Asks: 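Just passing along the structure, written as structure tokens.
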Amino acid sequence: MKRESALKRLAGEVVACRLCPRLVEYRERVAREKRRAYLDCEYWGKPVPGFGDPQARLLIVGLAPAAHGGNRTGRVFTGDRSGDFLFAAMYAAGFANQPTSVRRDDRLRLIDSYVTATARCAPPHNQPLPSEILHCRGYMEREIRILQPKAVLALGRIAWNAYLEVPKQQSVIASRAPYRFAHGAEVQLPSPAPRLFGVYHPSQQNTQTGKVTPAMYAQVLGRIQEFLATQA
């Protein structure tokens, strides 16, 4: 319960955040104008907190909420094609109780896993600025401190680098340079940092072109399961 209450407090702070004027303006404008397919929906239009199992040993770090996905539904990777791909893969690997994620109250439950994002607001063109990522880093640091995960899965290069900034700023590592991103990358950082895994981001640009396939995600998630089986 201690972790759960700490995560709830953090989520409340995330939702109230207005540190990045560009993102505030964009997320709220999208929520007002909406996409034609979602005109009847009430958009969330606020920062999107992480969610998942408070006892998670796996922390999954994405890029940012999609303008008409998480920014609409209020839950990261929920209601968009990237989430469809990610949660289907997590379900197949035993990290979720169902393969779909449509809305906040659809009873999706993550198992031994917690999903968060590098930036908590939907950014224009899916590209948060370095200053915006910096504003959000404190939230990720606190999630890591609360969860104390054994493994971190970075979805894409931006999430990989954003995560590595946490142990760098804590002087656990001197530089990100030795830890190069690649799909299937796996590195053990100095203690007490968790083991870091990398995959290409499950964006439509990657999944629809075949750069990312379900088999590729299954292989990495399977390796994470193997690793976690060795942890207390």
Side-chain angles (χ1 to χ4, degrees), residues 3-35 38 41-54 56 59-84 86-87 101-106 108-110 113-147 149 152-156 158-166 169 201-203:
R3 286 188 182 183
E4 185 174 0
S5 61
L7 289 168
K8 284 183 177 179
R9 284 196 301 272
L10 177 56
E13 292 180 34
V14 169
V15 171
C17 184
R18 300 183 67 86
L19 285 175
C20 303
R22 186 183 79 115
L23 299 187
V24 171
E25 188 281 329
Y26 180 72
R27 78 191 189 209
E28 293 181 355
R29 174 161 50 86
V30 168
R32 290 192 306 270
E33 296 176 355
K34 305 182 180 181
R35 177 175 283 174
Y38 305 124
C41 297
E42 181 177 351
Y43 274 56
W44 174 256
K46 296 185 285 288
V48 181
F51 82 104
D53 184 351
L59 175 66
I60 298 177
V61 182
L63 174 55
H68 302 280
N71 189 57
R72 173 174 59 87
T73 64
R75 193 170 69 188
V76 65
F77 281 110
T78 295
D80 61 51
R81 295 293 178 84
S82 295
D84 292 344
L86 175 64
F87 290 121
S101 177
V102 179
R103 57 184 186 275
R104 285 199 311 279
D105 59 353
D106 63 4
L108 172 70
R109 181 172 58 85
L110 302 189
S113 58
Y114 191 93
V115 178
T116 190
T118 300
R120 308 307 170 105
C121 295
H125 311 295
N126 294 318
Q127 295 178 347
L129 300 176
S131 61
E132 294 161 352
I133 292 174
L134 177 60
H135 283 156
C136 276
R137 190 169 69 212
Y139 298 136
M140 187 190 303
E141 290 174 346
R142 288 170 62 188
E143 285 167 335
I144 293 168
R145 189 161 60 248
I146 294 166
L147 292 168
V152 172
L153 175 61
L155 307 182
I158 293 177
W160 175 276
N161 289 335
Y163 167 73
L164 283 173
E165 275 298 315
V166 175
Q169 295 301 319
H201 192 278
S203 65

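None of the values given here were measured: they were computed from a predicted structure.
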Asks: Look at atom CZ of R81 and say whether more than 12 heavy atoms of other residues, nucleotides or ligands are closer to it than 6.0 Å.
Replies: no
Asks: Do any pairs count as a salt bridge (charged side-chain N to carboxylate O under 4.0 Å, His left out) and have a residue in residues 118-134, sequence neighbours left out, and if so which ones?
Replies: R22-E132, R120-E143
Asks: Would you mind reporting whether R104 and W44 have side-chain heavy atoms less than 4.5 Å apart?
Replies: yes
Asks: If you round to the nearest 0.5 Å, how far is CZ of R18 from CZ of R27?
Replies: 5.5 Å
Asks: Taking the side chain as everything from C-beta on, heavy atoms only, tell me whether Y139 gets closer than 4.5 Å to T116.
Replies: no
Asks: With side chains defined as the heavy atoms from C-beta onward, is the minimum distance between F77 and S82 less than 4.5 Å?
Replies: yes
Asks: Would you call P128 and L63 a side-chain contact if the rule is heavy atoms closer than 4.5 Å?
Replies: yes
Asks: Which atom names give the shortest non-hydrogen contact between G62 and A159, and what distance separates them?
Replies: O-CB, 3.6 Å
Asks: Specify the closest pair of heavy atoms between R29 and E25, including all atoms of both residues, with the distance to one decimal.
Replies: NE-OE2, 2.8 Å
Asks: Give me the atom names and distance for the closest heavy-atom approach of I144 to Y163.
Replies: CD1-CE1, 3.5 Å
Asks: On a heavy-atom basis, which atom in D80 and which in A66 lie closest, and how many Å separate them?
Replies: OD2-CB, 3.5 Å
Asks: Does any non-hydrogen side-chain atom of C41 lie less than 4.5 Å from one of R35?
Replies: no
Asks: On a heavy-atom basis, which atom in R103 and which in R75 lie closest, and how many Å separate them?
Replies: O-NH2, 3.0 Å
Asks: Given side chains that start at C-beta, do those of E165 and M140 come closer than 4.5 Å, heavy atoms only?
Replies: no
Asks: As an exercise, state the distance from CG of L129 to CG of L23, rounded to the nearest 0.5 Å.
Replies: 7.0 Å
Asks: Run the salt bridge (charged side-chain N to carboxylate O under 4.0 Å, His left out) check on E4 and K8 step by step: do they pass?
Replies: CA-CA 6 Å; E4 185 174 0; K8 284 183 177 179; 3.8 Å; yes
Asks: Less than 4.0 angstrom from a charged side-chain N to a carboxylate O is my criterion; do R9 and E13 meet it?
Replies: no
Asks: Any side-chain heavy atom of N161 sitting closer than 4.5 Å to one from T118?
Replies: no
Asks: Going by heavy atoms in the side chains, are E28 and Y43 under 4.5 Å from each other?
Replies: no
Asks: Under 3.5 Å, is there a donor-acceptor pair between the side chain of H201 and the main chain of S203?
Replies: yes
Asks: How many angstroms lie between atom CZ of R3 and atom CG of L10, to the nearest 0.5 angstrom?
Replies: 14.0 Å
Asks: For V76 versus A117, what's the shortest heavy-atom pair and its separation?
Replies: CG2-CB, 4.3 Å
Asks: Can you tell me how far the CG atom of N71 sits from the NZ atom of K34, to the nearest 0.5 Å?
Replies: 11.5 Å
